[in-house]
Amino acid sequence: MAKLPMMKSPENHPTALAYDAECQSALAEHVDKLLDHAEAAGWDRTKAASAMMYLSAKRLKAKTDGA
């Protein structure tokens with residue numbers, strides 16, 4: 001039996017106007033759960049969200065640098 005994806009797949013092309021909003025909608029529940037887990041472990045939610053933004057940017061930079 002095929003394993004279902006953990007999140008909704010995109011319906012729009014990456015250059016479509018709706019693509020960004022669609023991506024945010026697909027990620028929102030997962031981001032909320034991750035922040036809930038961080039907060040439950042004792043991390044400040046705002047600091048955890050800031051750390052997630054930093055880590056996301058760092059990983060994007062690593063991909064564009066060829067790492």
Side-chain angles (χ1 to χ4, degrees):
M1 183 174 182
K3 192 173 184 182
L4 295 175
M6 291 183 63
M7 70 172 44
K8 181 183 173 298
S9 297
E11 295 177 8
N12 292 287
H13 188 272
T15 59
L17 290 175
Y19 188 85
D20 189 55
E22 182 183 23
C23 185
Q24 288 181 34
S25 177
L27 290 171
E29 179 183 346
H30 300 282
V31 170
D32 290 340
K33 284 182 183 178
L34 183 56
L35 288 171
D36 289 345
H37 289 307
E39 193 171 29
W43 296 100
D44 175 81
R45 191 177 189 90
T46 301
K47 296 288 186 177
S50 178
M52 288 172 57
M53 290 189 305
Y54 173 80
L55 290 170
S56 295
K58 187 175 177 181
R59 278 156 178 74
L60 182 59
K61 182 176 178 349
K63 289 275 188 185
T64 60
D65 288 346

Please list every donor-acceptor pair under 3.5 Å in which a side-chain atom of residues 18-28 meets a protein atom from a residue at least two apart or in another chain.
residue: D20; atom: OD2; partner: Q24; partner atom: NE2; Å: 2.8
residue: E22; atom: OE1; partner: E11; partner atom: N; Å: 3.4
residue: E22; atom: OE1; partner: N12; partner atom: N; Å: 3.2
residue: E22; atom: OE1; partner: N12; partner atom: ND2; Å: 3.0
residue: E22; atom: OE2; partner: K8; partner atom: NZ; Å: 3.0
residue: E22; atom: OE2; partner: E11; partner atom: N; Å: 2.6

Could you pull out every donor-acceptor pair under 3.5 Å between side chains of residues 30-37 and any protein atom, sequence neighbours left out?
residue: H30; atom: NE2; partner: M6; partner atom: O; Å: 3.3
residue: K33; atom: NZ; partner: E29; partner atom: OE2; Å: 3.1
residue: D36; atom: OD1; partner: R45; partner atom: NH1; Å: 2.9
residue: D36; atom: OD1; partner: R45; partner atom: NH2; Å: 3.1

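Judged by distance alone, the side chain of S50 and the main-chain N or O of T46 form no donor-acceptor pair under 3.5 Å.
Listed by chain and residue number, L55 satisfy the side-chain contact (heavy atoms from CB on, under 4.5 Å) test with R59 (two or more places apart in sequence, or in another chain).
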